[in-house]
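Order of appearance sets the numbers: ligands from 1, and atoms from 1 within every ligand. Quantities reported herein were computed from a predicted structural model and do not represent experimental measurements. Values below: every heavy atom of this structure, side chains too, minus hydrogens, waters and symmetry copies.
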Amino acid sequence: MDYLPIFIDLKNRPCLVVGGGEIAARKAGLLVKAQASVTIVAPDVSISTQTLIDDGKVKWVNGLFSDDLLTGCSLVIAATDNEQVNREVYQHAKKNNILVNVADCPELCDFILPSILDRSPIVIAVSSGGKSPILARQLRARLETLIPPAYGHLAEMVGRYRQAVQAKLPKLSMRRRFWESVLQGKVADHVLAGRDQEGEAILQALLDKTQPEQLQKGEVYLVGAGPGDPELLTFKALRLMQQADIVFYDRLVSKEVLALVRREAEQVYVGKQRAWHTVRQEEINQLLLTHAQQGKRVLRLKGGDPFIFGRGGEEIETLAAEKIPFQVVPGITAASGCSSYAGIPLTHRDYSQSCTFVTGQLKQGELDLNWPALVQPRQTIVVYMGLAGLPVLTKKLQQHGLSAEMPVALVQQGTTSQQKVWISTIAEIAEVAEREQPVAPTLVIIGEVVKLHNSLSWFEVNS
Ligand code: SAH
């Protein structure tokens, strides 16, 4: 970061603008908006500067810059068309430790003026660090469409209730929850729709009926993080991720997804790998319970969908038994994510009318699956955790009658920038895997639909 964005209170503080042209007028206008006490020094002034003077908003010193004008100033902006004068202002300001900005000259600036979206009291500043003011302005314009002026009203109203809320809810964590529910619920809906009075009435009613103890209850969110691409998260997942106090996540949750969890939330890795278990399942169940009992909002973030080979059911059984409130948010499971991103429809009128998800995890070197059901015609089989047991799986399927020519796809790290797809047949895929050494997580898709990959594959990975 080249510049630290801060918001300075300039109310009634003396600020100097050197120059009387259009740019000087624009900058002086900003300082006036921030209620600074602005003096302009210039031998002559443009119409817009004159207007500021006539309206009594700025004081005009009719003449040339001299360093005594800097006495007592908090900051100075030089915006003359004379480079020599601008440089002089800069040097005097530096000597006196006064913050200085020289228009259009980043190397002579202590601070730069960002592009501003003013929804006072909400103010959003966008800066490109002087690299591309136009891009900053375009971004501001986009934000303008996203953040209607009513946000200013909402912030104003919240500001008026801050003290009352503080008096009623002694702990910061309680107040945070109270305000989150206000700002995500009906109060905000009304104010943003221009019905300020209705919104305020609901806010008052909420405050009256809220009991501090209610806001101290812990809760667990069991959330599906999807297969990797963060854009595949649901809105609900994202919302809960943004309000958690602590997150327990496993190996399948991508870095990009994790980056979207509330920054202040504590992050705990409880991942599992095939050969070794970092934290045992019972311990995870217990961790969720203990933290919820401490009144925290606990996020359990799991790859894909928590109810598909995710042991999500076990985790919430413990919570249900202890009467801890919880919510379950489905995620896009690996079968959906990988098949979409590999261009392999799981069902297709010409090839497959059903689809089965199975786990290919070996138990003592064996696979205990319902083989006759799996080898039914016109069916797609999706195998989770099937990489290590691939030789056993493919042998068994053939023994039970699946054609040696049946197409198979391996999708490694599907939906991410590391996605790789290998296509072969049931007779040969184990050899392909042996040679290519795909890394976890990899999904196995078996069925005639795999043929469609050739024509439907669309997801390009930039390597
Ligand atoms: N609950 C998860 C599955 C957990 S089991 C879900 O709904 O997706 C773990 C297995 O899922 C892995 O062994 C692998 O077979 C599969 N898997 C998960 N994410 C994957 C991804 N991005 N690409 C390929 N396979 C994935």
**Request:** Consider every N or O of Pro227 and every N or O of ligand 1, then say whether any pair is closer than 3.5 Å.
**Result:** yes
**Request:** Taking the six-membered ring for Trp and the full ring for Phe, Tyr or His, determine whether the centres of Tyr3 and Phe111 are under 6.0 Å apart.
**Result:** no
**Request:** State if Thr415 counts as touching ligand 1 under the rule of any non-hydrogen atom under 4.0 Å.
**Result:** no
**NZ/NE/NH1/NH2 to OD/OE distance under 4.0 Å, Arg176 and Asp245** = yes
**Item:** Short N or O distance, Gln412 and ligand 1, threshold 3.5 Å exclusive
**Value:** no
**Request:** Please indicate whether any nitrogen or oxygen in Pro306 is less than 3.5 Å from any nitrogen or oxygen in ligand 1.
**Result:** no
**Item:** salt bridge (Lys or Arg N to Asp or Glu O under 4.0 Å) pairs, two or more places apart, involving residues 211-238
**Value:** none
**Asked** Do you know which of Arg297, Arg262, Arg175, Arg239 makes salt bridge (charged side-chain N to carboxylate O under 4.0 Å, His left out) with Glu180?
**Response** Arg297
**Request:** Write out the residue and atom name of the closest protein heavy atom to atom 14 (C) of ligand 1, then the distance separating them to 0.1 Å.
**Result:** Thr442 O, 3.4 Å
**Asked** Do the side chains of Lys302 and Leu222 get nearer than 4.5 Å, heavy atoms only?
**Response** yes
**Request:** Begin with the C-alpha distance, continue with both residues' side-chain angles, and end with the deciding distance and a verdict on salt bridge (charged side-chain N to carboxylate O under 4.0 Å, His left out) for Glu366 and Lys363.
**Result:** CA-CA 5 Å; Glu366 288 296 321; Lys363 283 195 191 119; over 6 Å; no
**Item:** Nearest-contact summary for atom 4 (C) of ligand 1 - protein heavy atom, Å
**Value:** Phe309 O, 3.3 Å
**Asked** Any N or O on Cys338 sitting closer than 3.5 Å to an N or O of ligand 1?
**Response** no
**Prompt:** Going by distance only, is there an N or O of Tyr384 that falls short of 3.5 Å from an N or O of ligand 1?
**Reply:** no
**Prompt:** Any N or O of Ala334 that comes nearer than 3.5 Å to an N or O of ligand 1?
**Reply:** yes
**Message:** Under 3.5 Å between any N/O of Met385 and any N/O of ligand 1: does that happen in this structure?
**Reply:** yes
**Nearest heavy atoms of Pro227 and Gly337, plus distance in Å** = CG-CA, 4.0 Å
**Message:** On a heavy-atom basis, I'd like to know which of Pro441, Ser336, Gly386, Ala342 is closest to atom 20 (C) of ligand 1.
**Reply:** Pro441
**Asked** Is the count of non-hydrogen atoms from other residues, nucleotides or ligands lying under 6.0 Å from Leu207 atom CG greater than 12?
**Response** yes
